[in-house]
**Q** 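Could you have a look at this structure, given as structure tokens, before my questions?
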Amino acid sequence: MDAVLVPLTRSPRLPDYVRELSALLQQEAAERCRFRDWLDEDKKAEFINGEIVVHSPAKLEHTEAQKLILKLLDTFVAVHQLGKVLHEKALIELTRNDYEPDICFWKPKKASRFTGKQMVFPPADFIIEVLSPSTEQVDRGVKFEDYAAHDTAEYWLVDPVRRVIEQYRLAGNAFALHATCDATSTIESIVVTGFRMPVVAAFDSAANLTALRSILAQ
């Protein structure tokens with residue numbers, strides 16, 4: 001049993017707490033349905049702990065890092081037929097929350113069931129989030145816990161200001177830091193077999209082009 005639950009199970013008010021939590025989850029489920037009805041292709045939003053979080057346009061450094069990593073990962077996965085890569089407008093459905101990660105990857109077993117008109121997707125095997133001041137707390141907080149709870153095996157946090165990528169791997173039911181890679185190093189995916197990239201290729205167009213050519217030459 002989770003340690004946070006132990007005091008509750010020993011309280012005489014446990015039945016009251018259960019009723020309150022059940023009512024909260026029912027209300028949250030109704031709000032989530034309304035969120036899904038409201039959401040369309042022109043909106044970028046997530047449903048987190050019962051609230052709709054609408055995202056503003058990203059800074060160039062965020063958009064560039066996402067684009068450069070996506071280009072390399074998507075090309076590598078396509079060349080080697082390893083699964084499916086999608087980005088920000090793919091809505092990931094978890095038990096309680098809906099997220100639109102910056103980049104996500106599914107292995108072939110899950111990806112083979114996707115359809116052309118699908119808009120909501122299962123938990124991804126590998127997720128990348130590019131940090132920004134407005135999202136870092138969530139990326140390091142509820143998303144960090146939630147992705148791990150739903151068996152995402154690898155999680156990257158990309159810092160475009162420091163030019164650093166933090167690589168986490170699933171250890172039991174939580175993420176553990178695997179490596180912190182700066183722009184002088186190379187990062188290798190745990191989930192996408194064989195995918196390696198110079199970290200600088202996430203932040204520099206010329207380095208990215210060199211890395212892309214290397215992938216295409218394989």
**Q** Would you tell me whether Glu129 and Tyr147 have side-chain atoms, one donor and one acceptor, within less than 3.5 Å of each other?
**A** yes
**Q** For the pair Glu166 and Arg140, find out whether any cationic side-chain nitrogen is under 4.0 Å from an anionic carboxylate oxygen.
**A** yes
**Q** Got a donor-acceptor contact below 3.5 angstrom from the Thr152 side chain to the Ala124 backbone?
**A** yes
**Q** Using a strict threshold of under 4.0 Å (side-chain N to carboxylate O), is an ion pair present between Glu46 and Lys143?
**A** yes
**Q** Within the distance-only criterion (no hydrogens, no angle test), does the side chain of His62 pair as donor or acceptor with the backbone N or O of Ser132 below 3.5 angstrom?
**A** no
**Q** For the pair Thr75 (side chain) and Lys71 (backbone), establish whether a donor and an acceptor sit closer than 3.5 Å, ignoring hydrogens and angles.
**A** yes
**Q** Applying ring-ring contact (aromatic ring centres under 6.0 Å, His included) to Tyr168 and Phe144, what does each step give before you reach the verdict?
**A** CA-CA 10 Å; Tyr168 296 87; Phe144 194 91; 4.9 Å; yes
**Q** With no hydrogens and no angle check, is any side-chain donor or acceptor of Ser22 less than 3.5 Å from a backbone partner on Val18?
**A** no
**Q** Ring-plane angle category for Trp106 and Phe121, please: parallel below 30°, perpendicular beyond 60°, tilted otherwise.
**A** tilted
**Q** For Ala201, does its backbone N or O pair with a side-chain atom of Asn208 as donor and acceptor, under 3.5 Å?
**A** yes
**Q** Would the number of heavy atoms belonging to other residues, nucleotides or ligands and lying under 6.0 Å from CD of Glu20 be above 12?
**A** yes
**Q** List the steps and the verdict of side-chain hydrogen bond (donor to acceptor under 3.5 Å, both in side chains) for His55 and Glu100.
**A** CA-CA 10 Å; His55 294 286; Glu100 291 187 340; over 6 Å; no
**Q** Give a yes or no on whether the backbone of Ala206 and the side-chain of Thr210 come within a donor-acceptor separation of less than 3.5 Å.
**A** yes
**Q** In terms of side-chain geometry, is the basic nitrogen of Arg163 or Asp182 positioned less than 4.0 Å from the acidic oxygen of its partner?
**A** no
**Q** Would you say the side-chain atoms of Glu154 pair up with the backbone N or O of Val191, donor to acceptor, closer than 3.5 Å?
**A** yes
**Q** Spell out, as yes or no, whether a donor-acceptor pair under 3.5 Å connects the side chain of Thr9 to the backbone of Val6.
**A** yes
**Q** Using a strict cut-off of less than 4.0 Å between a Lys/Arg side-chain nitrogen and an Asp/Glu carboxylate oxygen, indicate whether Glu93 and Arg36 qualify as a salt bridge.
**A** yes
**Q** Would you say the side-chain atoms of Arg32 pair up with the backbone N or O of Asn97, donor to acceptor, closer than 3.5 Å?
**A** yes
**Q** Give the cluster check for Val192 versus Tyr155: same hydrophobic cluster or not, with ILVMFWY residues linked at side-chain heavy-atom distances below 4.5 Å.
**A** no
**Q** Is there a donor-acceptor contact under 3.5 Å from the side chain of Asp159 to the main chain of Val164?
**A** no
**Q** For residues Gln167 and Thr180, is any side-chain donor paired with an opposing acceptor at under 3.5 Å?
**A** no
**Q** Under a 4.0 Å threshold between the charged nitrogen and the carboxylate oxygen, would Asp16 count as salt-bridged to Arg19?
**A** yes
